[in-house]
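Each remark here refers to the structure printed beneath this line.
Below, chains carry the letters A, B, ... as their sequence lines are ordered, and counting in each starts from 1.
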Number of protein chains: 4
Amino acid sequence: MPDMKKLSRAEQKARRPTQILDAAFEEFLERGYVATRVEDIANRIGVTKGTIYVYFETKEQLFEAMIRHISVPFEDLLASAHELKGTAAARLERLIELVYNRIVEDRQLRELMKFVIAEGSRFPQIVDRHHEAFIDPLDRHVQSLIDEGVKHGEFRPMPAAFADAVVAPAIAFLVFKLIFDDRRILDKTTYLKAHLDLVFNGLLV
Amino acid sequence: MPDMKKLSRAEQKARRPTQILDAAFEEFLERGYVATRVEDIANRIGVTKGTIYVYFETKEQLFEAMIRHISVPFEDLLASAHELKGTAAARLERLIELVYNRIVEDRQLRELMKFVIAEGSRFPQIVDRHHEAFIDPLDRHVQSLIDEGVKHGEFRPMPAAFADAVVAPAIAFLVFKLIFDDRRILDKTTYLKAHLDLVFNGLLV
Amino acid sequence: MPDMKKLSRAEQKARRPTQILDAAFEEFLERGYVATRVEDIANRIGVTKGTIYVYFETKEQLFEAMIRHISVPFEDLLASAHELKGTAAARLERLIELVYNRIVEDRQLRELMKFVIAEGSRFPQIVDRHHEAFIDPLDRHVQSLIDEGVKHGEFRPMPAAFADAVVAPAIAFLVFKLIFDDRRILDKTTYLKAHLDLVFNGLLV
Amino acid sequence: MPDMKKLSRAEQKARRPTQILDAAFEEFLERGYVATRVEDIANRIGVTKGTIYVYFETKEQLFEAMIRHISVPFEDLLASAHELKGTAAARLERLIELVYNRIVEDRQLRELMKFVIAEGSRFPQIVDRHHEAFIDPLDRHVQSLIDEGVKHGEFRPMPAAFADAVVAPAIAFLVFKLIFDDRRILDKTTYLKAHLDLVFNGLLV
DNA sequence: CATGAATGAGAGTTCATTCAT
DNA sequence: TATGAATGAACTCTCATTCAT
């Protein structure tokens, strides 16, 4: 029976990096890369500046590590998507739902987009990585569902880049959540319903 | 024949504020609010940093003035939209086209979105102003076109927030242009075609 | 009958220096030499910075000119003192009264002492000039009255530097007025009475 | 035998604040609050400007701390005065002597008066504090000695504010020492003798 | 591993002074 | 004579980074 109450020194030590990265996430988010002080990150977990430098060589490397830390890719989401059964339409609908759920539940995913936009010109790698890890896989999966639907006669033939258009409302939803945060409440259910209705029915009679 | 070679003091002075604001736009864009040095803005137009302070009291006020400077609202675009003739569908299609054109042509509009996201927590006013001046008017106009189309039997009845979903792909297009800038080419025509196809035909057969 | 209402341009011009010096006095007084901005002095008389430099080469020279401007020596006071009649005691009493009156009435004299103390190490000349123009003549005159009184048997023989001690309470009164300005009211009459009583009666029975 | 050559970190640290305050005293004295550069204070003790900010938040707070640092009140002097024996006259004479000694020996006390006059309008607290800690206690003590002397028939009845007049020559002495510093030598003995002679014998035969 | 005193390279801002108008 | 745009040096304060303990 392991003792859960107290962390041994070794465990403590092992958690430090994660602790720092979590604190860094909050601080960098709130103030941006340049305005965040290493000391604020340290204070947030009750250590001093120097301690941060024990684990990370520079503020820049800490930022990059933090980005890697919060970038837990869509793998699981796409894995779930692959396991779906049913028509292409049903599976696409379910996938879109999963994406909305993820956007609402995973704050780090949302804020990662903020870092991509806000710090993208300072840290170009994160832009590329973000595209490779999130946008592109999602796009491909949606496109393959569309292609399948078309092949099976479920969907009509579509122009190029249609997957982008299909996914776009979810992206816009994410961006609005980012911008307005808690200032304006965006209701996921309403938004999702409108999105699905658009995708599956279009506008015309 | 007037002497065109040099600007008189008076002319020079009249141009200074605009000149500074344009330079500020470029610098703030490239490095963000905090990392931009007032001196860089000054250097960009060949003056010294003191000169900036002749026209703007603080870096903060300069930033805010710059944001106002680049926020030329959609008024003209919406005015054009109001003058459109034809069915609701035709007018909606044309409006979406106009929006894409604007996104492609108006770099300042695009980058304004970047400032909203990146500096929104430092300058909350710009978030609200952006919503009032851009998002909201566009949304309302689209919604009124939809309502009209529904009334005339052109469009089927739609769930709430449908206008958001209809506009969303344009927003996503803007955000992608922002993020990838020149790193990845986004073809407006392809994107627009997919968007319109989605809106007017949905996905299903 | 001269037109008093408006100053001609020439008159205007002739007054400028005085106007500037008066404004300089107020500003330098309030903030001290270093913290006073040439622009504040200009604003006070409704002109711009540049105008000050038409009349004075540097801020330093302006300060020095201001000091000279407000240093209207004791000549008249001492002249009045010379015209006094009566016993040495009566004349000394009257002189002390005149000094108190001057301290109370002549704000510039009082504030000159402040400049001497506050800016003395930056402008050593004003220290010397102040001594020569004010302290020393007064001291000498008091000393000569004392000597005369001693010679006539009015006063007992006195140790060296007695004039200083006789004048000292007036100096202290001035300094307190300077320090407390309007924060603590110092009543001239009470103070003067105590001073004269001390000088003419001492403390003992 | 302890190693005297170098101070340990801890010792160094403990001394820093005092070291800084002493250096600040000298610099502020020489140039006044506004003209003193934090860097000069730092250089004086061989550290860099950043170090000052480790111990004091702003130049203003440093100045105020410095004033508190040099304001070691009269408590000991008044305590000594309370222990005096003898007639009221003898005790008053001794008190006046103690005050002169203090003025001559305690440079910080003298210069405090300079700060009160020169920076009083920028730091009004120091004016009040100075009055409460120095002027007022001294005045009260002198007044109580006078009252006692009057009660015992040693002194004749005196008008109001007499204590001020009795103390005034010492204040004037202090102010002159301040103004002329080393430019003009003021001999304490001569001055004190004249002062006591004035107080105890007045001017008249 | 953790600390925090110290550094030093800036960055924002101010202001005396100049000079073309 | 008067203006005020422009300059540039100076000054306060900040903060990533180092290193002795």
To the nearest angstrom, how far is [X] atom [atom1] from [N] atom [atom2]?
X       : N      : atom1 : atom2 : answer
B/Gln61 : E/dG12 : CD    : P     : 15 Å
C/Lys59 : F/dA9  : NZ    : C1'   : 14 Å
B/Glu60 : E/dA11 : CD    : P     : 18 Å
B/Leu62 : E/dT13 : CG    : P     : 10 Å
D/Asn43 : E/dA6  : CG    : P     : 15 Å
A/Tyr53 : F/dC19 : OH    : C1'   : 13 Å
C/Gln19 : F/dT1  : CD    : P     : 14 Å
C/Phe56 : F/dA2  : CZ    : C1'   : 15 Å

Think [X] has a side-chain N or O under 4.0 angstrom from the OP1 or OP2 of [N]?
X       : N     : value
C/Thr48 : F/dT3 : yes
A/Tyr55 : E/dA2 : yes
B/Thr51 : F/dA5 : no

Is there a Watson-Crick or G-U wobble partner for E/dG12 with both distances under 3.5 Å, and which nucleotide is it?
-> F/dC11
Determine which nucleotide pairs with E/dA20, using a 3.5 Å limit on both distances of a Watson-Crick or G-U wobble pair.
-> F/dT3
Which of the following nucleotides, E/dA6, E/dT18, F/dA2, is nearest to the side chain of C/Arg16?
-> F/dA2
How are the rings of A/Phe28 and A/Tyr33 set relative to one another: parallel (under 30°), tilted (30 to 60°) or perpendicular (over 60°)?
-> parallel
More 5' along DNA chain E: C/Glu39 or D/Gly50, using each one's nearest nucleotide?
-> D/Gly50
Hey, which sits more toward the 5' end of DNA chain E by its nearest nucleotide, C/Tyr33 or A/Val47?
-> A/Val47
Assess whether a salt bridge exists between [X] and [Y], defined as any Lys/Arg side-chain N lying under 4.0 Å from an Asp/Glu carboxylate O.
X        : Y        : result
D/Arg122 : D/Glu119 : yes
D/Arg31  : D/Glu26  : no
A/Asp22  : A/Arg44  : no

Mapping B/Ile52 and A/Arg37 to their closest nucleotides on DNA chain F, which lands nearer the 5' end?
-> B/Ile52
For A/Ala35 and for C/Val54, find the nucleotide of DNA chain F with the closest heavy atom, then tell me which residue's nucleotide is more 5'.
->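 Between the two, 5'-proximity favours C/Val54.
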Determine whether D/Glu60 and D/Glu64 make a side-chain contact, defined as any pair of heavy atoms from C-beta on separated by less than 4.5 Å.
->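 D/Glu60 reaches D/Glu64 side chain to side chain.
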Please confirm whether any donor atom in the side chain of B/Lys49 sits under 3.5 Å from an acceptor in the base of E/dG10, or the reverse.
-> no
